[in-house]
J.: 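Can you read through this structure? Questions will come right after.
Scope of the values below: all heavy atoms of this structure, side chains included, with no hydrogens, waters or symmetry mates.
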Amino acid sequence: MAILVPVAVVLARSRLAVYLYWVAYHLAVVRALPAYAEAWFDSVWPGTVSWLLLGLVCAVPWTLFWTRSQEQGRTVVMVILGFLIALLPPIAAVAPGHPLVAWGFVLQGWGWGGLVFGAMLTGYAAAVIRTKQPKVAWAMIGAGALALWLWGATVPQLPMRSVGMLHPIGTKFGKPPANDEEMVTRLEKVGTIVRRLAANPDFAGSVLVFPETTLGRYDDTFAPILRGEILAPAREAGIHLVLGMEVKNKAGERYNVATLFRADQTMQSVAQRQPAVVSMWAPWRAGSFSADWTRDATLRLNKDIDLRVVVCYEEFLPFVHLLDEARGHYIAKVVMSNNWAASSMGLPIVQRQHTEGMARLFGRTVVRAENLPIS
């Protein structure tokens with residue numbers, strides 16, 4: 001349905017109406033955010049304010065490029081510009097629900113051509129709709145929505161489970177460890193999973209992918225437990241591990257990282273490019289996580305196998321997925337998600353669908369490890 005939103009909005013009679021339309025749309029996409037953030041912050045207000053601000057900001061590019069002109073060529077150009085500008089930073093850092101995600105389900109495997117075609121067809125459809133009488137225009141939009149809904153109901157969900165040697169580990173650990181005792185318990189739980197799978201010869205030589213921040217705020221104090229409980233049994237079975245954790249560098253900067261522990265005892269870490277706004281990335285306050293969209297999120301298992309890592313909040317951001325594609329060849333997309341604060345599956349499902357749409361657009365294999373609340 002997101003495909004038709006920029007088409008329908010051209011029927012608005014004023015720029016204010018366009019703005020309010022887009023605000024409502026973006027708020028609806030992440031309508032479960034206030035409840036999610038309430039669990040994160042232990043207060044309803046930060047999440048509610050963040051949710052409202054998100055809607056107010058995300059509506060800006062579409063509103064700026066709205067035009068009153070009835071000239072078809074101008075309408076086409078302005079809608080395409082809105083489509084593209086809404087994909088780019090800084091709006092891209094906070095803009096869920098971009099129509100490109102929905103186009104991915106329709107234009108499967110089209111890749112960059114799908115981006116161009118989707119933007120152009122959106123602009124053309126908007127221009128055509130604008131020339132019709134209101135009743136005819138809304139009838140056409142309604143027919144298009146029904147057709148897309150019926151077609152979407154026939155599309156099976158993209159598997160994001162084990163593929164070849166890649167095995168995502170779903171957990172219900174709940175929130176990250178808050179103190180040393182909880183950290184030790186978490187390491188032991190992960191170790192139990194690793195030892196169980198290491199005992200199965202089918203997992204020899206495999207890659208086990210754990211969710212974001214599985215090890216919480218990790219530091220070298222816990223290295224002996226990590227080596228003994230987790231890395232040793234994995235190494236003996238020839239298993240590689242990808243573990244999520246939060247770390248600090250010597251300057252005190254915080255990073256949300258995915259670390260690959262290879263069976264040959266070498267390791268590599270990649271940092272999340274865009275941590276969640278407000279809850280993690282808040283440059284106006286001390287202790288904010290680092291953000292850098294130029295980071296390479298490639299984990300290299302060996303000279304033949306490159307994996308692109310998408311960490312949790314980044315799933316919502318099509319531009320991050322486009323950056324991965326711009327970097328060239330890779331074998332699979334590795335997604336590490338942590339939805340421990342979800343009071344329902346509403347937001348996690350929307351988050352997953354963003355990754356699915358972009359993966360379909362580029363014909364990518366995805367393995368997705370997710371942590372959920374304790375049940």
Side-chain angles (χ1 to χ4, degrees), residues 1-31 33 49-107 114-132 134 137-138 140-142 144-145 148 274 277 293 313-323 350-351 353-354 357-358 361:
M1 299 300 180
I3 288 173
L4 295 175
V5 176
V7 176
V9 79
V10 299
L11 299 176
R13 296 182 178 181
S14 69
R15 199 175 298 275
L16 176 60
V18 171
Y19 182 70
L20 295 177
Y21 187 103
W22 278 106
V23 168
Y25 167 73
H26 284 290
L27 293 181
V29 170
V30 287
R31 55 191 174 277
L33 178 58
V49 171
S50 299
W51 176 63
L52 292 173
L53 287 175
L54 179 148
L56 295 174
V57 171
C58 291
V60 170
W62 300 100
T63 306
L64 289 177
F65 289 97
W66 178 79
T67 176
R68 294 179 182 274
S69 174
Q70 296 296 313
E71 183 184 343
Q72 283 200 359
R74 181 172 176 79
T75 299
V76 170
V77 170
M78 296 301 278
V79 170
I80 291 175
L81 285 173
F83 187 103
L84 296 176
I85 296 301
L87 274 176
L88 301 175
I91 298 297
V94 292
H98 194 284
L100 181 62
V101 174
W103 274 114
F105 286 85
V106 177
L107 305 176
L115 167 60
V116 174
F117 182 81
M120 293 181 65
L121 187 56
T122 299
Y124 177 74
V128 170
I129 285 291
R130 196 167 209 174
T131 65
K132 306 299 180 182
W138 285 112
M140 292 174 66
I141 291 170
L148 286 170
Q274 180 58 63
V277 178
W293 288 45
Y313 179 76
E314 293 175 337
E315 289 191 85
F316 286 110
L317 312 179
F319 189 69
V320 167
H321 296 272
L322 294 176
L323 287 173
V350 172
Q351 183 173 325
Q353 288 173 335
H354 278 70
M358 296 304 295
L361 181 64

J.: Got a sec: does the CZ of R15 have more than 12 other heavy atoms crowding it under 6.0 Å?
T.: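 Yes - once you tally the heavy atoms of other residues, nucleotides and ligands closer than 6.0 Å, there are more than 12.
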J.: Please report the interatomic distance CG(L81) to CG(L64), rounded to the nearest 0.5 Å.
T.: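 So the gap between those two atoms works out to 11.0 Å.
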J.: What's the shortest heavy-atom distance between L317 and V94, and which atoms?
T.: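 Here L317 and V94 meet closest at CD2-N, 4.3 Å.
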J.: Answer yes or no: is there a donor N or O on one side and an acceptor on the other, between the side chain of Y19 and the main chain of L56, under 3.5 Å?
T.: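 Here the side-chain-to-backbone pair exists.
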J.: Compare every heavy atom of A95 with every heavy atom of C58, then report the nearest pair and how far apart it is.
T.: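 Distance-wise, the nearest heavy atoms are SG-CA, 3.4 Å.
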J.: Taking only residues two or more places apart in sequence or in another chain, which ones pass side-chain hydrogen bond (donor to acceptor under 3.5 Å, both in side chains) with T63?
T.: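 Per chain and number, T63 pairs via side-chain hydrogen bond (donor to acceptor under 3.5 Å, both in side chains) with no residue.
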J.: Ignoring hydrogens and geometry, is there a side-chain-to-backbone donor-acceptor pair from E314 to Q274 under 3.5 Å?
T.: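 Side chain of E314 to backbone of Q274: a pair is present.
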J.: Distance from L54 atom CG to L27 atom CG, nearest 0.5 Å?
T.: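 Those atoms lie 7.0 Å apart.
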J.: For W138, what residues pass the side-chain hydrogen bond (donor to acceptor under 3.5 Å, both in side chains) criterion, not counting sequence neighbours?
T.: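 So W138 forms no side-chain hydrogen bond (donor to acceptor under 3.5 Å, both in side chains) with any residue.
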J.: Look at the side chain of W103 and the backbone N and O of L115, then say whether any donor-acceptor pair between them is shorter than 3.5 Å.
T.: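 Here the side-chain-to-backbone pair does not exist.
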J.: Please determine whether ring pair (Phe, Tyr, Trp, His ring centres under 6.0 Å) holds for the pair W62 and Y25, giving the CA-CA distance in whole Å, both sets of side-chain angles, and the decisive distance to 0.1 Å.
T.: CA-CA 12 Å; W62 300 100; Y25 167 73; 8.5 Å; no
J.: Could you report the tightest heavy-atom contact between M78 and T67, atom names first, then the distance?
T.: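 Closest approach of M78 to T67, heavy atoms only: CG-CG2, 3.9 Å.
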J.: Before giving the answer on side chain to side chain contact (heavy atoms under 4.5 Å, CB included), spell out for Y21 and V5 the whole-Å C-alpha distance, their side-chain angles and the decisive distance to 0.1 Å.
T.: CA-CA 9 Å; Y21 187 103; V5 176; 3.6 Å; yes
J.: How far does CZ of F65 sit from OG1 of T75, to the nearest 0.5 angstrom?
T.: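 Rounded to the nearest 0.5 Å, the CZ-OG1 separation comes to 14.0 Å.
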J.: Does the pair L87 and H98 meet the rule for a side chain to side chain contact (heavy atoms under 4.5 Å, CB included), with working shown?
T.: CA-CA 7 Å; L87 274 176; H98 194 284; 3.4 Å; yes
J.: When you compare the side chain of W22 with that of V60, does any pair of heavy atoms fall below 4.5 Å?
T.: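 A side-chain contact under 4.5 Å is absent here.
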J.: Which pair of heavy atoms, one from W293 and one from L323, lies closest together, and at what distance?
T.: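 Looking at all heavy atoms of both residues, the shortest contact is O-CD1, 3.4 Å.
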J.: Could you walk me through whether Q70 and T131 satisfy the side chain to side chain contact (heavy atoms under 4.5 Å, CB included) test, starting with their C-alpha distance in whole Å, then the side-chain angles of each, then the deciding distance to 0.1 Å, before giving a yes or no?
T.: CA-CA 7 Å; Q70 296 296 313; T131 65; over 6 Å; no
J.: Does W51 use its side chain to pair, donor to acceptor, with the backbone of V30 at less than 3.5 Å?
T.: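 Pair found, side chain donor or acceptor close to backbone of V30.
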J.: Among Y313, F319, F316, exactly one meets ring-ring contact (aromatic ring centres under 6.0 Å, His included) together with H354. Which residue is that?
T.: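 Between H354 and the candidates, ring-ring contact (aromatic ring centres under 6.0 Å, His included) is satisfied uniquely by F316.
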J.: How close do G55 and V23 get, heavy atom to heavy atom, and via which atoms?
T.: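 Residues G55 and V23, closest heavy atoms: O-CG2, 3.5 Å.
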J.: Can you name the closest pair of heavy atoms from R130 and L11 and give their distance?
T.: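 Closest heavy-atom pair between R130 and L11: CA-CD2, 4.4 Å.
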J.: For the CG atom of L4 and the CD1 atom of I129, what is their distance to the nearest 0.5 Å?
T.: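 Atom-to-atom, L4:CG and I129:CD1 are 8.5 Å apart.
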